[in-house]
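Below is one structure; the comments refer to it alone.
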Amino acid sequence: MTNNETPEKRPLDFIRQIIAEDLKTGKHSGVVTRFPPEPNGFLHIGHAKSICLNFGVGEEFNGRCNLRFDDTNPSKEEEAYVEAIEKDVAWLGFNWGEKPHYASNYFAQLYDFAIELIKMGKAYVCQLSAGDVRTYRGTLTEPGKESPYRSRSIDENIDLFTKMKAGEFADGTHVLRAKIDMSSPNLNMRDPVLYRILNVAHHRTGDTWKIYPMYDYTHCLSDMLEGVTHSLCTLEFEDHRPLYNWVLDTLQTPCHPRQIEFSRLNLTYTVLSKRKLLKMVEGKHVEGWDDPRMLTISGLRRRGYTPAAIRNFCKIIGIGKSDSRIDMGVLENEIRNDLNERAPRRMCVLDPVKVIIDNFPEDLIENVTGKNHPQNPEMGERTIPFTKELYIERADFMEEPSRKYRRLGPGREVRLRYGFLVQYASHVKDEKSGEITEIHCTYDPESKGGSAPDGRKVKGTIHWVSATAGVPVEIKLYDRLFTEADPEADKDTDFLSFLNKDSMITLDKAVGEPCLADLHPGESVQFERQGYFCVDSKDVNTGKILFNRTVTLRDSWSTKSK
RNA sequence: UGGGGCGUGGCCAAGUGGUAAGGCACCGGGUUUUGAUCCCGGCAUUCGUAGGUUCGAACCCUGCCGCCCCAGCCA
């Protein structure tokens, strides 16, 4: 599954340098990382970057990486998401050991730590309303004010917190706060909320708990409990690091993981935040989380991307701290590299126009053989039926071709790949529409396989399929979801207004060579001269095989011809 | 205007005081029964900017400019 990964060594990124140094100096004898998704949505290519980093570090330094569900907000989380996440991480080829971890596994311990904090006078129950908490917090430039509940006695705090836990209060009436510094220039340190009351059932703990710990309080302690050495997260958490450290320092925990931040992934012509992806799904702008246009792991999988391509992509983009938006072409390059090696070649005419070989016997079927891969004989060959009536691509014929055009046209001879050389004879055009309906040719019976005994050369080789023996297929062509390279650049404009209305085009007249019928869901092939396609794994059952175009072939003609 | 970060070619990204790796893109040329692949070659006298230190600076210092993040009882 994950073979074909480029083995070449690149220089170590700054995080791996830190880890290598920690191992070298003996600060740590082993390394433990974790990938901590919240089960409130599907994983996307940005998560893949984090997964490759965390699991990659675990593998490379002979350590381990835990899969931990950060499930501290039951109002947004679902079991279905944890299953989808496990499937995606496994598909990418990573192993999290015996079983996944859950922040919810630590609820009892977290509660005990909170009691400890209260006893140390470092946490208190606050009854300010959410709005008042915000007001008291101050602003970016003004310090906050201390809550009137800040100086409660330890006994009263314990009593209140116990009652919070027992479900004696309504949502929003009480919170547990850390007692730090209301005038800190870092807003996160202005007595952050540690626990809130949520009378909501949790997908794993049911209704056992009425209070749920917040991210900042939970994450550092979960890392600590799991013996994580390096806690890698994205840049927006830099301001949270002091709080991460405060909790562990105050509790004097036996182990103190180091949080290191790196920049999140952005790609051109798409969006990658769970919130925005959710909006795409809920607004029906796509057909679901696994829509092949979505850069979710499940969408990419359905589109025909391979784990190797995604892992190579993550490797090539590197890990750093500067904001960036990587060109979609980089991702496409990786899937082309991978599929170029492993995808068998096939012929399929996407936009057919009929070709009749005038001098070809009516009922004759000439079986010709095509290589499954031009550079790799081990992939074998297959038989392709050549008949009197064929289809070729509408774009492969021109009534008045330019000199650089190398395909079929009046007076021209071209090669039908693996078939015969054919010479243009005439063509029929619908007077009203101007559409070409038939092209007549004659073939050279001596040229079976594609070359003539006299050694004459033709300029063009085009693909074709038998009109009588070919199989009808349905094809979906996908394009970028947005028309702007950075749909998020203008904060005053809704990213949805940049949606590409032509991001999905369905072709229902396509015809492929017979052996296409043998393909299984998820299998990838290259349609020669067109691109890489895979059989849809969630077939809508149209009676025809449905192919998703993963990516086109690199095309220097379309750009040059302009 | 508080705090935390970041600025190397069109897009990424190495570089950690000794004279600008690599990938993508792009431009040439060769091979080719996919205008694909593959193969050759080209592509930053310069590292946001202005000064300073030094024999020597993308790397050290100072000022300035630009961009990102933070005022959830989300993660």
Heavy-atom donor-acceptor pair, A/R407 side-chain to B/G35 base, under 3.5 Å: yes
Phosphate-side-chain proximity, A/R529 and B/G35, N/O vs OP1/OP2 below 4.0 Å: yes
Contact under 4.0 Å: A/R190 side-chain N or O vs B/A71 OP1/OP2: no
Sugar-phosphate, base or nothing in reach of A/R336, heavy atoms under 4.0 Å: nothing
Phosphate OP1/OP2 of B/A75: any A/T72 side-chain N/O under 4.0 Å: yes
Lys/Arg cation over aromatic A/F495: A/K276, 6.0 Å, 45° cone: yes
Neighbours of RNA chain B within residues 192-203 of chain A, by heavy-atom distance under 4.0 Å: A/V193, A/R196
Rounded distance in Å - CZ (A/F14) to C1' (B/U8): 17 Å
Pair A/K179 + A/D191: basic N to acidic O under 4.0 Å: no
Atom-to-atom span, CE of A/M189 to C1' of B/G2 - whole angstrom: 16 Å
Phosphate-side-chain proximity, A/Q259 and B/G4, N/O vs OP1/OP2 below 4.0 Å: no
Whole angstrom value for the distance that separates P of B/C24 from CG of A/N340: 13 Å
Under-3.5 Å donor-acceptor pair between A/E528 side chain and B/U33 base: no
Distance, rounded to the nearest Å, where A/L331 contributes CG and B/C24 contributes P: 14 Å
Minimum side-chain heavy-atom gap A/R68-A/Y102 below 4.5 Å: no
Position toward the 5' end of RNA chain B (nearest nucleotide), A/E38 or A/R417: A/R417
d(CG, A/D13; P, B/A14) in whole Å: 8 Å
Face-to-face stacking of A/W557 with B/G35, centres under 5.5 angstrom, angle under 30°: yes
Pair of N/O donor and acceptor under 3.5 Å linking B/U34 base with A/Q526 side chain: yes
Sub-6.0 Å ring centroid separation between A/Y215 and A/H219: yes
Syn/anti state of B/G72 by chi, 90° boundary around 0: syn
Nearest-Å distance for atom pair OH/P, residues A/Y102 and B/A75: 18 Å
A/K321 side-chain N/O to B/C69 phosphate OP1/OP2 under 4.0 Å: no
Check: A/F107 ring centroid to A/Y212 ring centroid under 6.0 Å: yes
Euclidean distance, atom CG of residue A/D132 to atom C1' of B/C73 [Å, nearest integer]: 13 Å
Donor-acceptor pair present, A/D239 side chain and B/G3 base, under 3.5 Å: yes
Position toward the 5' end of RNA chain B (nearest nucleotide), A/Q375 or A/S129: A/Q375
Quiz item: cation-pi between A/K165 and A/Y111, 6.0 Å / 45°: yes
NZ/A/K371: more than 12 non-hydrogen atoms of other groups inside 6.0 Å: no
Rounded interatomic separation in angstrom, taking CZ from A/R16 and C1' from B/A14: 14 Å
B/G72 OP1/OP2 closer than 4.0 Å to side-chain N/O of A/R137: yes
Between A/F161 and A/Y124, ring centroids under 6.0 Å: no
Strand partner of B/A36, provided both Watson-Crick or wobble distances fall under 3.5 Å: none
side-chain N/O A/S322 vs B/A13 OP1/OP2, d < 4.0 Å: yes
